[in-house]
Amino acid sequence: VFCRAYIPGVRERTLVAVKPDGVQRRLVGQIIQRFETRGFKLVGLKMLQASEDLLAQHYASLNRKPFYPSLLRYMNSGPVVAMVWEGHNVVKSTRMLVGDTNPAEAKPGTIRGDFSIHISRNIIHASDSVEVAQAEIALWFRRSELMEWECCDHGSVYQL
Ligand code: IDP
């Protein structure tokens, strides 16, 4: 059923990753549920052990920070669940759903604010701009791993 109306930005995509602590703590289901119930569309999903090379590229902009070595060890300490979510304004909305980088500053109701305490273990990654999202999706996913599909409730989430 092709029911997609023209809504500007409705094809916007962002990269989200449940970090190794989020996987260990069995939070994957609850995190996915927040994006699904909001109305966003899942277009990519996989569990992987991120390589040091992937992480070095992903966090290249932070490589002079004092916490960079421990950040890479943390992200490499176990499997992560990477996903691509699609929808109107999804990059900014996801940052709001996720909450402040530092869980101590993250509001209750956000993912970090509800499930984490310390900046060194903040359970989730989300792209911070549309341009960064495009680069991160290309880094983490092959084109063939991203699904093109129609959500049957599109007209209820957006507009018929
Ligand atoms: P973001 O993940 O909210 O986009 P960034 O500033 O890009 O935040 O930092 C990337 C990640 O690096 C954070 O999510 C967190 O895991 C880690 N990080 C950032 N600042 C610190 C810090 O001061 N101490 C330890 N880890 C940090």
Side-chain angles (χ1 to χ4, degrees), residues 8-143 145-147 157:
V10 78
R11 304 294 305 282
E12 187 174 304
R13 290 177 170 185
T14 196
L15 181 89
V16 171
V18 183
K19 295 176 173 182
D21 50 335
V23 174
Q24 284 289 336
R25 294 177 53 207
R26 292 172 290 264
L27 295 172
V28 174
Q30 290 188 73
I31 289 170
I32 289 176
Q33 191 165 40
R34 291 187 181 212
F35 289 88
E36 284 195 325
T37 52
R38 181 72 185 270
F40 291 122
K41 180 163 76 169
L42 184 62
V43 297
L45 176 73
K46 62 180 171 184
M47 188 177 210
L48 72 159
Q49 172 78 46
S51 67
E52 277 183 40
D53 184 50
L54 171 63
L55 294 171
Q57 289 186 63
H58 179 75
Y59 283 128
S61 65
L62 299 176
N63 70 2
R64 290 176 189 278
K65 300 279 187 190
F67 58 82
Y68 177 79
S70 64
L71 174 61
L72 256 60
R73 277 199 305 278
Y74 157 49
M75 290 296 292
N76 186 242
S77 66
V80 302
V81 174
M83 347 180 197
V84 179
W85 290 93
E86 184 181 288
H88 178 66
N89 201 37
V90 70
V91 172
K92 191 163 173 238
S93 295
T94 295
R95 291 291 293 191
M96 292 176 76
L97 279 174
V98 163
D100 197 285
T101 302
N102 184 353
E105 303 291 333
K107 292 193 172 58
T110 65
I111 293 168
R112 285 170 172 162
D114 286 351
F115 300 131
S116 64
I117 293 174
H118 194 263
I119 193 164
S120 63
R121 295 289 182 269
N122 61 1
I123 76 163
I124 186 167
H125 167 81
S127 309
D128 66 5
S129 72
V130 172
E131 295 71 34
V132 168
Q134 286 166 355
E136 290 182 350
I137 291 166
L139 179 64
W140 286 75
F141 284 85
R142 297 176 213 275
R143 283 184 76 93
E145 293 174 321
L146 299 172
M147 300 297 119
V157 173

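Whatever order the structure lists them in is the order used to number ligands and atoms, beginning at 1.
The protein non-hydrogen atom at the shortest distance from atom 10 (C) of ligand 1 is L62 CD1, 3.5 Å. For atom 23 (O) of ligand 1, the closest heavy atom belonging to the protein is F67 CD2, 3.7 Å. Nearest to atom 17 (C) of ligand 1 among the protein's heavy atoms is L71 CD1, 3.8 Å. T101 OG1, 3.5 Å is the protein heavy atom nearest to atom 1 (P) of ligand 1.
Below 4.0 Å from some heavy atom of N122 lie the following atoms of ligand 1, by number and element: 13 (C), 14 (O), 15 (C), 16 (O). Atoms of ligand 1 found under 4.0 Å from any heavy atom of Y59 (numbered from 1 in listed order, with element): 10 (C). In the vicinity of K19, heavy-atom distances shorter than 4.0 Å reach the ligand 1 atoms 13 (C), 14 (O), 15 (C), 16 (O).
Of the N or O atoms in R95, one or more lie within a sub-3.5 Å distance of an N or O in ligand 1. No N or O atom of Y74 sits closer than 3.5 Å to an N or O atom of ligand 1.
Looking only at side-chain heavy atoms (C-beta outward), V18 and M83 come within less than 4.5 Å of each other. M47 places a side-chain heavy atom less than 4.5 Å from the side chain of V23.
At a heavy-atom cutoff of 4.0 Å, ligand 1 is contacted by both the backbone and the side chain of I119. Proximity of R112 to ligand 1, defined as any heavy-atom pair under 4.0 Å, is confined to the side chain (atoms from C-beta onward).
Two rings, from W85 and F35, have their centers less than 6.0 Å apart.
With R38 contributing its side chain and L97 its backbone, the two residues share no donor-acceptor pair below 3.5 Å. Between the R112 side chain and the I124 main chain, a donor and an acceptor come within less than 3.5 Å of each other. Using a distance-only test at 3.5 Å, with no hydrogens or angles considered, a donor-acceptor pair links the side chain of N122 to the main chain of T101. No side-chain donor-acceptor contact under 3.5 Å links D114 to the backbone of P108.
For the pair K19 and Y74, the cation-pi criterion (under 6.0 Å, within 45° of the ring axis) is not fulfilled.
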